[in-house]
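First the structure, in the form of structure tokens, and then the observations on it.
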Amino acid sequence: MEGKARPEATADQALYAMDRMIALAHFGQQDIAGRLGLNPTDLTCLGFVIEAALAGEPLAAGDLAERARLTTGAVTGVLNRLEKAGYAHRQADPGDRRRVRVVMEESAQARVLEVYGPFYERVCALFADYTPDETAVLADWFARATAAMQDSLEEIRHGGAAAEA
């Protein structure tokens with residue numbers, strides 16, 4: 001497969017496009033969460049629960065708190081709301097009864113995909129316009145940009161250089 005001709009772009013133009021996409025995604029998360037009867041934080045946590053379930057990995061409540069950068073008390077509230085909405089439930093860890101696992105309800109993924117599905121279909125159609133090598137570059141860029149964002153957020157949270165600017 002040959003890639004399509006692409007318009008030239010500078011790093012500044014790409015950064016601007018990324019910023020617009022992130023802003024739209026931020027507001028979109030609020031809309032999607034509302035459609036699913038959740039708030040954006042709960043939706044993000046549900047995403048981590050689904051991700052762990054699909055990977056076949058157990059997810060402890062404390063691990064969820066760490067991934068979501070929430071206190072364990074805040075995660076208790078999240079789990080109460082996810083349980084009430086029928087997306088997840090708590091289960092005692094069979095290896096350590098003091099730990100609690102977060103388990104996705106069987107219908108959760110389908111309920112989320114009902115809302116996200118059209119977006120995923122559109123994005124998959126976009127990927128179809130790229131060669132496997134171009135898609136690999138995009139995947140690499142997203143992974144590296146995520147790591148760069150994580151590093152920057154750590155600096156901001158801990159009062160580093162980025163927070164002083």
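The one candidate from Leu36, Ile32, Leu38 that meets the side chain to side chain contact (heavy atoms under 4.5 Å, CB included) condition with Val112 is Leu36.
Under the 4.5 Å side-chain criterion, counting only non-hydrogen atoms from C-beta, Arg101 is in contact with Pro94. Between Cys45 and Leu70 the shortest side-chain heavy-atom distance falls below 4.5 Å.
In this structure, Asp19 has no side-chain hydrogen bond (donor to acceptor under 3.5 Å, both in side chains) partners at least two apart in sequence or on a different chain. With sequence neighbours left out, Asp31 forms a side-chain contact (heavy atoms from CB on, under 4.5 Å) with no residue at all. Applying the side-chain hydrogen bond (donor to acceptor under 3.5 Å, both in side chains) test to Gln109 and every residue at least two apart in sequence or in another chain returns nothing. Remark: Arg90 pairs with Asn80, Glu83 by the side-chain hydrogen bond (donor to acceptor under 3.5 Å, both in side chains) rule, at least two apart or across chains. Looking at residues two or more places apart in sequence or on another chain, you find no side-chain contact (heavy atoms from CB on, under 4.5 Å) involving Glu114. Residues forming a side-chain hydrogen bond (donor to acceptor under 3.5 Å, both in side chains) with Gln91 (at least two apart in sequence, or on another chain): none. Every salt bridge (charged side-chain N to carboxylate O under 4.0 Å, His left out) that Arg81 has, sequence neighbours left out, goes to Asp42. Under the rule for a side-chain contact (heavy atoms from CB on, under 4.5 Å), the partners of Ala53 that lie at least two apart in sequence or sit in another chain are Met104. Applying the side-chain contact (heavy atoms from CB on, under 4.5 Å) rule to Tyr16 yields the partners Arg20; only residues at least two apart in sequence or on another chain are considered. Listed by chain and number, the residues in a salt bridge (charged side-chain N to carboxylate O under 4.0 Å, His left out) with Arg122 amount to none (sequence neighbours excluded).
Residue Met18 places its CE atom among more than 12 non-hydrogen atoms of other residues, nucleotides or ligands, all under 6.0 Å distant. More than 12 heavy atoms of other residues, nucleotides or ligands shown are found within 6.0 angstrom of CD on Gln150.
Legend: ring pair (Phe, Tyr, Trp, His ring centres under 6.0 Å) pairs involving residues 63-121, not counting sequence neighbours, sorted by first then second residue: Tyr116-Tyr120. Listed by first then second residue, pairs satisfying salt bridge (Lys or Arg N to Asp or Glu O under 4.0 Å) with a partner in residues 136-150 read Asp140-Arg144, not counting sequence neighbours.
By the criterion of side-chain heavy atoms lying less than 4.5 angstrom apart, applied directly or through intervening Ile, Leu, Val, Met, Phe, Trp or Tyr residues, Leu24 is not grouped with Val115; the two fall into different hydrophobic clusters. Put simply, Phe142 and Leu126 are part of two different groups of oily side chains (I, L, V, M, F, W, Y) that touch within less than 4.5 Å, one to the next. In the hydrophobic clustering of ILVMFWY residues, with side-chain heavy atoms under 4.5 Å counting as a link, Leu79 and Leu46 come out together.
Of all the heavy atoms in Val49 and Val103, the pair that sits closest is CG1-C, 4.3 Å. Nearest heavy-atom pair, Ala33 versus Leu43, reported as atom, atom and distance to 0.1 Å: N-CD2, 3.7 Å. Here the shortest heavy-atom pairing between Asp129 and Arg6 reads O-NH2, 2.9 Å.
Note that CD of Glu51 is 8.0 Å distant from CD of Glu57, once rounded to the nearest 0.5 Å. How far CZ of Phe48 is from CG of Leu59: 9.5 Å, rounded to the nearest 0.5 Å. One distance of note links OG1 of Thr72 with CD of Glu66; it measures 12.0 Å at 0.5 Å rounding.
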>> Determine whether Tyr130 and Val137 satisfy the following criterion, side chain to side chain contact (heavy atoms under 4.5 Å, CB included), listing intermediate values before the conclusion.
In response: CA-CA 10 Å; Tyr130 293 87; Val137 168; over 6 Å; no
> Can you list the steps and then say if Arg111 with Glu105 is a side chain to side chain contact (heavy atoms under 4.5 Å, CB included)?
Replying inline: CA-CA 10 Å; Arg111 291 169 63 193; Glu105 293 294 347; over 6 Å; no
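Salt-bridge annotation for Arg99 and Asp63: present, with a side-chain N of the basic residue lying under 4.0 Å from a carboxylate O of the acidic one.
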